[in-house]
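Remarks on the structure that follows.
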Amino acid sequence: MNKANPHLDCQFCEARFKSVFCDLNKEEVTELSTHKACTIYKKGQDIFKQDSYPHGIYCINAGKVKLFQLAENGREQIVRLAKPGDLLGYRAILGGEKYTSTAEAIVETSVCFIPKNLFFKFVETNNAITLQVMKLLSNDLKNAEHKITDLAQKPVKERMAEAILFMKEVYGFENDNATLNVVLTREEIANIAGTATETAIRILADLKNDGVLEFTGKKIKISKMNKLVHVANILD
DNA sequence: TATCGCTTTGATCTGATACG
DNA sequence: CGTATCAGATCAAAGCGATA
């Protein structure tokens, strides 16, 4: 199933420098390196599941991950997209709770598991990490609040435009500086915007007709960024 | 070539708001 | 109040491309 990947040394890990572990000293990096366990997940594989208990946290080394909650009606709501350097599952660990969402690889993804004890040790002894984690938490909270307001107040077209911009924020562009560096299904995009797949498809077609977006297969190119931002009706 | 999963499209239903 | 309108969801069916 999942290939273990023992050769990744935290000392040289590019992703670590973008993570909460960027401020570790040399001994701590060594400790992290010896206790973490790196695993490769194939596209579509779950890293952890909603309602299960956490035993540690996950740090993405390479790849892309979506986090979603399963609603009563069976629909998924994507609550977060994650990239290399991002931490997964830390809120559940800190709160001593079950996972409130499922994490699934959207492409082949390499993830390092850091045991609970080690994570808590870092948080207790390293102020820089504590501060970083607090920043993460407050950022998550801000995003969650923003999402609530969006879903409650904004029409679908604005949410769809925002969903596209969100994908761009997290994963950026390809070399042409316009094509999103991520491929999601229409259903997944709908699940970011919180709408039905059919509605998402119709709105994407509208945005194409308006000359805002272009499609090549499942790839999305933003041809008129200013117009897309305008459609998204972002107030700040 | 048969099949599967995803995408698209049209038709219809529903709930919220506006309006006479 | 009753009802007209609108946004969006739901349902059904067809299209389409990758893959076994």
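FYI, side chains are in, hydrogens and waters are out, and symmetry mates aren't considered; it's all heavy atoms of this structure.
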Atom-to-atom span, [atom1] of [X] to [atom2] of [N] - whole angstrom:
X       : N       : atom1 : atom2 : value
Q153(A) : dA7(C)  : CD    : P     : 18 Å
K157(A) : dC6(C)  : NZ    : C1'   : 15 Å
D206(A) : dT8(B)  : CG    : P     : 13 Å
L184(A) : dC6(B)  : CG    : C1'   : 14 Å
I201(A) : dG5(B)  : CD1   : P     : 17 Å
R202(A) : dG10(B) : CZ    : C1'   : 7 Å
E76(A)  : dC6(B)  : CD    : C1'   : 15 Å
E198(A) : dG15(C) : CD    : P     : 17 Å

For this session: Check every strand shown and say whether R159(A) touches a base, only sugar-phosphate, or nothing at a heavy-atom separation below 4.0 Å.
Result: nothing
Exercise. Parallel, tilted or perpendicular for F48(A) and Y99(A), by the 30°/60° rule?
Worked result: parallel
Candidates [options] - which lies nearest the side chain of [X]:
X       : options                 : value
V156(A) : dT10(C), dT7(B), dG8(C) : dG8(C)
T185(A) : dT9(B), dT7(B), dG8(C)  : dT7(B)
T195(A) : dG8(C), dT7(B), dT10(C) : dG8(C)

Exercise. Is the distance from OP1 or OP2 of dT8(B) to the nearest side-chain N or O of R186(A) less than 4.0 Å?
Worked result: yes
For this session: Consider only side-chain N and O atoms of D9(A) and S33(A), and report whether a donor and an acceptor are under 3.5 Å apart.
Result: yes
For this session: Could you walk me through whether E76(A) and E187(A) pass the side-chain contact (heavy atoms from CB on, under 4.5 Å) test, one step at a time?
Result: CA-CA 9 Å; E76(A) 293 177 0; E187(A) 186 179 8; over 6 Å; no
Exercise. So N127(A) and T130(A), side chain to side chain donor-acceptor pair (under 3.5 Å) or not? Walk me through it.
Worked result: CA-CA 5 Å; N127(A) 288 335; T130(A) 313; 4.7 Å; no
Exercise. Is it true that atom CG of N175(A) has more than 12 heavy atoms of other residues, nucleotides or ligands lying nearer than 6.0 Å?
Worked result: no
Problem set entry | Base of dC6(B) paired with side chain of E187(A) (donor-acceptor, under 3.5 Å) | no
